Chemist: 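Mind having a look at this structure? Questions to follow.
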Amino acid sequence: MAQQLYTVIGGSGFIGRYIVQDLAEAGHRVRVGVRSPNQALFLKPLGAVGQVLPMAASVLNEDSIARAVDGADGVINLVGILHGNTNQFETIQTGGAERVARLAKAAGAKRFVQMSAIGADADSEVDYARTKGEGEQAVLEAFPEATILRPSIVIGPEDQFMNRFGDMARKSPFMPLICGKSRFQPVYVCDVAQAAFKALTSDAYQGQTYELGGPQTYSFKELLSYIMDETMHKRPFLPIPTAIAEIQGAIMGLLPNPPLTRGQVKMLQNDNVVSGSALGLADFAIEPTPMESIAPSYLVRYRPHGRFSKKDAA
């Protein structure tokens with residue numbers, strides 16, 4: 001594959017680092033657009049000298065994005081937030097997505113990929129889901145050939161799902177259970193990154209929306225049970241009615257880095273799984289990786305004695 005130039009906006013995050021790695025391993029030059037380039041220096045060793053270039057770029061600043069996408073063959077936008085007020089969601093997930101797509105098109109990029117999420121819906125009452133949906137629409141208006149990727153919960157060593165509840169299982173005397181029957185389809189970060197890599201480097205996926213999920217679905221309660229089993233912490237469940245959880249989320253949402261928001265509680269009330277008619281990993285010729293083959297390798301850190309704790313001795 002001939003060397004090309006790709007820009008990864010938000011490339012120092014959880015998913016971004018794996019996309020950068022895939023691009024670098026394929027021999028491409030990679031610009032990593034981030035707010036603070038010093039915090040992305042850990043990506044440079046993924047490539048040869050000068051192959052991976054962190055540079056200052058904010059989805060709120062047109063000039064910085066224009067510089068980051070200048071001359072790029074393909075651009076992917078990974079920037080999103082999990083909590084904030086309505087204005088922040090609209091500014092970053094709607095306006096920011098539109099800005100990156102529009103400037104990438106103006107710069108002559110051949111391909112554009114927007115990282116969205118299952119549940120994105122411009123008509124949703126939840127700011128996160130609504131602005132994800134609006135962001136998709138804005139991207140397609142600015143760059144009609146764009147590829148939209150909608151993963152379910154993404155898991156991997158740096159994830160914010162397994163790790164959060166693994167830590168909770170270690171520290172809390174109980175496991176709070178909200179909407180325990182809601183279903184999820186955890187997808188391995190390397191599978192998501194490989195789909196993004198293919199969408200960036202091939203015209204075959206242009207103008208399509210893909211929903212990315214793992215090989216199996218689980219209820220929220222089943223996921224928490226699995227995490228407790230892997231971390232060797234048996235905690236009783238504390239069921240929390242959604243009405244009370246929404247009140248708790250509204251209060252916690254005022255914190256700088258809230259563990260729960262009202263919007264997240266509302267989203268928990270809906271399944272987060274691939275729809276039956278959607279294009280998915282199979283259309284990228286990617287076989288989804290089972291959660292059970294990945295999660296134990298990093299959940300082990302939450303066991304009573306870390307990697308020295310053996311489940312068969314419990």
Side-chain angles (χ1 to χ4, degrees), residues 1-81 91-93 95-116 135-136 138-140 142-149 151 154 156 158 189-190 192-206:
M1 185 181 295
Q3 183 188 72
Q4 294 187 305
L5 171 63
Y6 293 97
T7 297
V8 183
I9 303 297
S12 64
F14 171 39
I15 300 175
R17 66 190 66 193
Y18 292 94
I19 298 173
V20 171
Q21 178 174 313
D22 286 348
L23 289 167
E25 287 181 350
H28 299 300
R29 292 184 296 133
V30 188
R31 286 187 190 142
V32 185
V34 290
R35 286 180 297 172
S36 177
N38 285 339
Q39 295 182 5
L41 293 178
F42 71 94
L43 297 171
K44 289 175 71 68
L46 296 177
V49 175
Q51 186 182 0
V52 177
L53 176 64
M55 61 186 300
S58 167
V59 296
L60 308 182
N61 185 289
E62 295 232 354
D63 289 341
S64 70
I65 294 297
R67 287 191 295 269
V69 302
D70 182 40
D73 293 282
V75 177
I76 182 169
N77 177 41
L78 301 168
V79 177
I81 57 175
T91 299
I92 294 171
Q93 296 197 157
E98 185 278 334
R99 182 172 292 111
V100 179
R102 171 169 47 82
L103 293 174
K105 189 68 171 179
K110 300 172 186 175
R111 290 173 289 277
F112 187 89
V113 180
Q114 171 69 14
M115 189 64 68
S116 186
E136 291 181 2
V139 163
L140 292 173
F143 206 121
E145 312 94 323
T147 304
I148 308 295
L149 300 181
V154 183
E158 306 87 3
V189 63
C190 287
V192 175
Q194 189 58 208
F197 169 82
K198 291 188 174 187
L200 272 173
T201 57
S202 170
D203 294 336
Y205 310 99
Q206 289 189 311

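In this text, all values refer to a predicted model and were calculated from it rather than measured experimentally.
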Chemist: Quick one about Gln39 and Ser12 (side-chain donor to acceptor, distance below 3.5 Å, no hydrogens or angles considered), yes or no?
Modeler: no

Chemist: Measuring from Asn77:CG to Leu149:CG, what's the distance to the nearest 0.5 Å?
Modeler: 11.5 Å

Chemist: Looking at every non-hydrogen atom in both residues, tell me the closest pair between Ser116 and Glu136 and how far apart they are.
Modeler: OG-OE2, 2.6 Å

Chemist: Looking at every heavy atom in both Ala72 and Thr7, which two are closest together, and how far apart are they?
Modeler: CB-OG1, 3.5 Å

Chemist: Using 0.5 Å steps for rounding, measure from the CG atom of Leu60 to the OG1 atom of Thr91.
Modeler: 7.0 Å

Chemist: Passes side-chain contact (heavy atoms from CB on, under 4.5 Å), Val30 versus Leu43? Steps please.
Modeler: CA-CA 10 Å; Val30 188; Leu43 297 171; over 6 Å; no

Chemist: Between atom CG of Leu46 and atom CD of Glu25, what is the distance when rounded to the nearest 0.5 Å?
Modeler: 8.0 Å

Chemist: I'd like to check Pro151 versus Met115 (side-chain heavy atoms, cut-off strictly below 4.5 Å). Are they in contact?
Modeler: yes

Chemist: Does Gln4 use its side chain to pair, donor to acceptor, with the backbone of Thr201 at less than 3.5 Å?
Modeler: no

Chemist: Within the 4.5 Å heavy-atom criterion, are Val113 and Tyr205 side-chain neighbours or not?
Modeler: no

Chemist: Is there a side-chain contact between Val100 and Phe112 (heavy atoms, below 4.5 Å)?
Modeler: yes

Chemist: Flag the pair Tyr6 / Ile76 as yes when at least one side-chain heavy-atom distance between them is below 4.5 Å, and no otherwise.
Modeler: no

Chemist: Taking the side chain from Ser64 and the backbone from Ser58, do they hold a donor-acceptor pair closer than 3.5 Å?
Modeler: yes

Chemist: Which value, rounded to the nearest 0.5 Å, describes the distance between Gln194 atom CD and Asp22 atom CG?
Modeler: 5.0 Å

Chemist: State, to 0.1 Å, how close Leu5 and Gly71 come at their nearest heavy-atom pair, and which atoms those are.
Modeler: CD2-O, 3.7 Å

Chemist: So, taking the atom named CZ in Arg29 and the one named CG in Leu23, what distance separates them when rounded to the nearest 0.5 Å?
Modeler: 12.5 Å

Chemist: What closest approach, in Å, do Pro54 and Lys44 show between heavy atoms, and which atom pair accounts for it?
Modeler: CD-CG, 3.8 Å

Chemist: Looking at every non-hydrogen atom in both residues, tell me the closest pair between Tyr18 and Ala193 and how far apart they are.
Modeler: CB-CB, 3.6 Å

Chemist: Sub-3.5 Å donor-acceptor pair from the side chain of Gln3 to the main-chain atoms of Gly27, do we have one?
Modeler: yes

Chemist: Indicate the ring-plane relationship of His28 and Phe197, choosing parallel, tilted or perpendicular according to the 30° and 60° boundaries.
Modeler: tilted

Chemist: Measuring from atom NZ of Lys198 to atom OG1 of Thr147, what distance do you get when rounded to the nearest 0.5 angstrom?
Modeler: 13.5 Å

Chemist: What are the two closest non-hydrogen atoms of Gln206 and Lys110, and how far apart are they?
Modeler: NE2-O, 2.9 Å

Chemist: Between Glu62 and Leu103, is there a side-chain heavy-atom distance shorter than 4.5 Å?
Modeler: yes

Chemist: Is the side chain of Arg111 donor-acceptor paired with the backbone N or O of Leu200 at a distance under 3.5 Å, no angle test?
Modeler: yes

